[in-house]
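Worksheet for the structure shown next.
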Amino acid sequence: MTEPTRPTAASVVVVSGNPRAGSRTLAAAEAAGRRVAELLGTDDVATVELAAFAGEILAPAHPAADAAKERLARATVAVVATPVYKASYTGLLKAFLDLYGPDGLAGVVVVPLVVSGNPAHALAGEVHLRPVLVELGAVVPTRSLALTEAQLPELGAALDPWFARWSTPLRRATGLTSAAATPAAELTGAAR
């Protein structure tokens with residue numbers, strides 16, 4: 001398998017594995033994706049909502065899924081988001097990730113994001129989602145971004161602590177120079 005050509009400028013791809021279109025998981029992932037883009041100094045942010053082509057993922061031909069798969073494989077950073085379902089990630093996200101061969105996400109820096117109804121499920125991203133992403137060759141330099149449904153109305157405040165802690169490792173993993181990226185302090189509530 002040939003490695004996908006990566007763009008020379010930083011790009012961010014947000015993937016929502018929620019089977020419902022327009023979900024709160026999607027909104028949280030897009031908010032995190034915009035923060036990652038700010039960190040990298042880019043406005044190239046694309047969204048892949050798996051619910052939009054869920055019916056074709058398991059079909060013999062899946063052109064929309066293939067296009068999304070290629071877009072994700074070319075990203076500098078991806079935010080891969082899922083609601084916690086039965087203490088793990090959704091079957092829809094699993095089916096999409098199963099379309100990749102070995103090292104299909106090689107070199108893509110990924111932020112796993114999980115949205116759960118209960119803080120007890122905060123480790124679902126670490127225990128279930130991270131291993132499959134690493135198996136596909138993704139670089140996962142941070143802890144998963146875990147949000148509860150109660151935090152979703154105040155996304156900025158919910159994202160601030162994670163970005164304050166993980167911005168530097170995330171930026172380092174991309175290989176981008178700090179001159180091209182926004183300082184982490186500017187991405188927290190202190191600068192808003």
Side-chain angles (χ1 to χ4, degrees), residues 1-18 25-26 28-53 57 62-82 88-90 92-115 124-146 159 162-163 165-178 180-182 184 187:
M1 180 174 129
T2 60
E3 188 173 322
T5 306
R6 296 211 194 291
T8 55
S11 64
V12 177
V13 173
V14 171
V15 177
S16 173
N18 194 314
T25 301
L26 173 65
E30 288 179 326
R34 287 189 298 274
R35 295 281 288 269
V36 169
E38 289 174 30
L39 177 70
L40 302 181
T42 185
D43 41 354
D44 183 0
V45 182
T47 297
V48 173
E49 187 175 16
L50 299 183
F53 49 87
I57 288 179
H62 31 72
D66 288 341
K69 185 177 89 162
E70 290 304 312
R71 180 75 188 245
L72 176 57
R74 288 190 313 270
T76 306
V77 178
V79 175
V80 177
T82 182
S88 188
Y89 54 95
T90 65
L92 177 60
L93 181 57
K94 173 73 166 116
F96 176 71
L97 293 174
D98 282 348
L99 296 175
Y100 286 101
D103 294 324
L105 293 178
V108 178
V109 176
V110 177
V111 173
L113 185 154
V114 296
V115 176
E126 292 297 302
V127 174
H128 300 290
L129 188 51
R130 175 191 288 269
V132 74
L133 294 168
V134 170
E135 180 68 22
L136 293 174
V139 176
V140 187
T142 67
R143 292 285 306 255
S144 297
L145 174 49
L159 295 174
W162 190 93
F163 276 92
R165 168 63 180 91
W166 295 107
S167 289
T168 298
L170 184 60
R171 191 178 325 130
R172 279 189 193 134
T174 67
L176 298 173
T177 63
S178 58
T182 304
L187 296 175

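As the structure is a prediction and not an experimental result, all values here were calculated from the model.
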Task: Shortest non-hydrogen separation from Leu72 to Ala78 and the atoms involved - done: CD1-CB, 3.3 Å

Open item on the list: If you compare all heavy atoms of Val114 against all heavy atoms of Ala124, which two are closest, and at what distance to 0.1 Å?
Closed with: CG1-C, 4.4 Å

Task: Closest non-hydrogen atom pair between Val48 and Ala68, with its separation - done: CG1-CB, 3.6 Å

Open item on the list: So, using side chain to side chain donor-acceptor pair (under 3.5 Å) as the criterion, who are the partners of Thr47 when residues are at least two apart?
Closed with: Glu30

Task: Exercise: identify the closest heavy-atom pair between Asn18 and Ala51 - done: O-CB, 3.6 Å

TODO: Check side chain to side chain donor-acceptor pair (under 3.5 Å) between Thr82 and all other residues, then give those that pass, not counting sequence neighbours.
DONE: none

Task: Test item: Thr90 side-chain N/O and Gly17 main-chain N/O as donor-acceptor pair under 3.5 Å - done: yes

Task: Glu126 and Ser144: side chain donor to acceptor below 3.5 Å - done: yes

Task: Closest non-hydrogen atom pair between Ala32 and Leu159, with its separation - done: N-CD1, 3.9 Å

- [ ] Apply side chain to side chain contact (heavy atoms under 4.5 Å, CB included) to Arg71 and list each qualifying residue two or more places apart in sequence or on a separate chain.
- [x] Val13, Asp44, Ala46, Arg74

Open item on the list: Rounded at 0.5 Å granularity, tell me how far OG in Ser16 sits from CG in Leu93.
Closed with: 8.5 Å

Task: All salt bridge (Lys or Arg N to Asp or Glu O under 4.0 Å) counterparts of Asp98, not counting sequence neighbours - done: Lys94

Task: Separation between CZ of Phe163 and OG1 of Thr142, rounded to the nearest 0.5 Å - done: 9.0 Å

Open item on the list: Checking Ala52 now: which residues fulfil side chain to side chain contact (heavy atoms under 4.5 Å, CB included) with it, not counting sequence neighbours?
Closed with: none

Task: Set of side chain to side chain contact (heavy atoms under 4.5 Å, CB included) partners for Val134, sequence neighbours left out - done: Arg130, Val140

TODO: Using the six-membered ring wherever Trp is involved, compare the ring planes of Tyr100 and Phe96 and label them parallel, tilted or perpendicular (cut-offs 30° and 60°).
DONE: perpendicular

- [ ] Examine distances only and state if a side-chain atom of Trp162 and a backbone atom of Arg143 form a donor-acceptor pair shorter than 3.5 Å.
- [x] yes

Open item on the list: Quick check for you: to the nearest 0.5 Å, what is the distance between Tyr89 atom OH and Leu113 atom CG?
Closed with: 15.5 Å

Task: Thr76 and Ser11, any side-chain heavy atoms less than 4.5 Å apart - done: yes

TODO: Return the minimal non-hydrogen interatomic distance between Thr174 and Val77, and the atom names on each side.
DONE: CG2-CG2, 3.5 Å

TODO: Evaluate the criterion side chain to side chain contact (heavy atoms under 4.5 Å, CB included) for residue pair Val14 and Val45; output intermediate values, then yes/no.
DONE: CA-CA 7 Å; Val14 171; Val45 182; 4.2 Å; yes

TODO: Find the distance between CG (Leu170) and CZ (Arg35) and round it off to the nearest 0.5 Å.
DONE: 12.0 Å

- [ ] Check side chain to side chain contact (heavy atoms under 4.5 Å, CB included) between Asp66 and all other residues, then give those that pass, not counting sequence neighbours.
- [x] His62, Lys69

Open item on the list: Rounded to the nearest 0.5 Å, what separates atom CZ in Arg34 from atom CG in Asp43?
Closed with: 13.0 Å

Open item on the list: What's the separation between atom CG in Leu145 and atom CZ in Arg165, rounded to the nearest 0.5 Å?
Closed with: 13.5 Å

